[in-house]
Every structure is written in C-alpha cells, then in structure tokens.
Amino acid sequence: MTFDPATLVYDDRGLIPAIAQQDGTGEVLMMAWMNAESVARTLDTGRVTYWSRSRQSFWVKGESSGHVQELVDLRVDCDRDCLLVVVNQTGPACHTNRRSCFYTAVRDGEEVELMAPESVA
C-alpha cells in the first residue's frame, strides 16, 4: 500500500506532532511539528524536515547547526494523528545544546536538570 501524507490527521493549522527517537537506544530526543509537505520532504530526502511555527517555514534539522537527524524509520500511530520519527542523531538534538529536549524531570515537586549542555568544540 502506497503511503500518502494527506491521509494523516492534522490539527486545524495543518500540523501533526512528531516525536524524534534515537535508533537503537529508544532515547526520546525531541518533539516538533510537521505538515504534509515536511513529511513528504523527509521521506524523499532522508533528512528530517519539520515545520517551524515561529518562523513559518521548513526546518531541516541540522541545516545550520550540523546536528543532523538522518531518517531511519517513520511510524504512524493508531489514530494517524502523531508520528514517531526514528533517527540517527548527530550531536545534540536540543537547541539548548543538550542531547535531548527532555532534560528536566519533576521529582518530589521539584524540577531537576538531568543533563548539562554539551561542550562546544
């Protein structure tokens, strides 16, 4: 069966959440938004492409930072309204220079920082 990005369920802005996960380890790296065109571009190029809500433009992960996400697998959830993007991540995934955007935990009512930013070479 041929996949068509138009068959996904998008919100009223034409966006669908996409969770990036490291291949092999299952580490959750980040969550961002895609639209039908960014899904198609990701599948066509193998470079994960998101839709930037703040810039209102396509965002090829790593295009300016070098922290590239190479597509390994694109998975669709059962309701077709969320994507799991399995990737090979080069460098930090988070714009704060951390490996994952999920670097803060809430434990016993307190926020705890789980990882520091990676050093810049």
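Note that the coordinates shown come from a computational prediction; the quantities given were computed from them, not determined experimentally.
- In the hydrophobic clustering of this structure, Val28 does not group with Leu83; members are Ile, Leu, Val, Met, Phe, Trp, Tyr whose side-chain heavy atoms approach within less than 4.5 Å, directly or through other members.
- The nearest pair of heavy atoms linking Cys101 to Ala93 is SG-O, 4.5 Å.
- The side-chain contact (heavy atoms from CB on, under 4.5 Å) test with Val85 singles out one residue from Val39, Leu29, Val48, Val72, and that residue is Val48.
- In the hydrophobic cluster analysis, where Ile, Leu, Val, Met, Phe, Trp and Tyr join through side-chain heavy atoms closer than 4.5 angstrom, Leu71 is grouped together with Phe3.
- If you chain together hydrophobic residues whose side chains sit under 4.5 Å apart, Val87 and Val76 fall into the same group.
- Rounding to the nearest 0.5 Å gives a distance of 12.0 Å between CG of Leu8 and CG of Leu15.
- When side chains are defined from C-beta on, Arg99 does not count as touching Leu114, because their heavy atoms never get closer than 4.5 Å.
- Between the side chain of Asp11 and the main chain of Arg13, a donor-acceptor pair closer than 3.5 Å is present.
- No more than 12 heavy atoms of other residues, nucleotides or ligands shown are found within 6.0 angstrom of CD on Glu110.
- No more than 12 heavy atoms of other residues, nucleotides or ligands lie within 6.0 Å of CD in Glu63, so this atom counts as exposed by the packing criterion.
- Rounded to the nearest 0.5 Å, atoms CG (Leu74) and CE (Met34) are 6.5 Å apart.
- Put simply, CD1 on Ile19 and CZ on Arg75 are 12.0 Å apart, with the number rounded to the nearest 0.5 Å.
- Tracing side-chain contacts under 4.5 Å through hydrophobic residues (I, L, V, M, F, W, Y), one never reaches Leu43 starting from Val60; they form parts of separate clusters.
- Annotation for Asn97 and Pro92: closest pair OD1-CG, 3.2 Å, computed over non-hydrogen atoms.
- Here the closest non-hydrogen pair linking Ala36 and Tyr10 is CA-OH, 3.3 Å.
- Ring planes of Tyr50 and Trp59: tilted class, angle from 30 to 60°.
- In this structure, Phe58 and Ser52 have side chains that are not in contact, with every pair of non-hydrogen atoms separated by 4.5 Å or more.
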*Please assess Glu27 against Gln89 for the test side-chain contact (heavy atoms from CB on, under 4.5 Å), listing each intermediate value before the final yes or no.*
CA-CA 10 Å; Glu27 178 185 21; Gln89 175 72 45; over 6 Å; no
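- More than 12 heavy atoms of other shown residues, nucleotides or ligands fall within 6.0 angstrom of atom CD in Glu113.
- Thr42 places a side-chain N or O within donor-acceptor distance of the main-chain N or O of Thr49, the cut-off being under 3.5 Å.
- When all heavy atoms of Phe102 and Met31 are compared, the pair lying nearest together is CE1-N, 4.2 Å.
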*asked:* Please determine whether side-chain contact (heavy atoms from CB on, under 4.5 Å) holds for the pair Thr90 and Glu70, giving the CA-CA distance in whole Å, both sets of side-chain angles, and the decisive distance to 0.1 Å.
replied: CA-CA 8 Å; Thr90 301; Glu70 174 191 340; over 6 Å; no
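- In this structure, a donor-acceptor pair under 3.5 Å is absent between the side chains of Thr45 and Arg47.
- Without hydrogens or angle criteria, Gln21 side chain to Val86 main chain gives no donor-acceptor distance under 3.5 Å.
- Contact between Cys82 and Ile16 at its shortest, heavy atoms only, is N-CD1, 3.6 Å.
- Contact record, Lys61 with His67: CG-O, 3.6 Å, taken as the closest heavy-atom pair.
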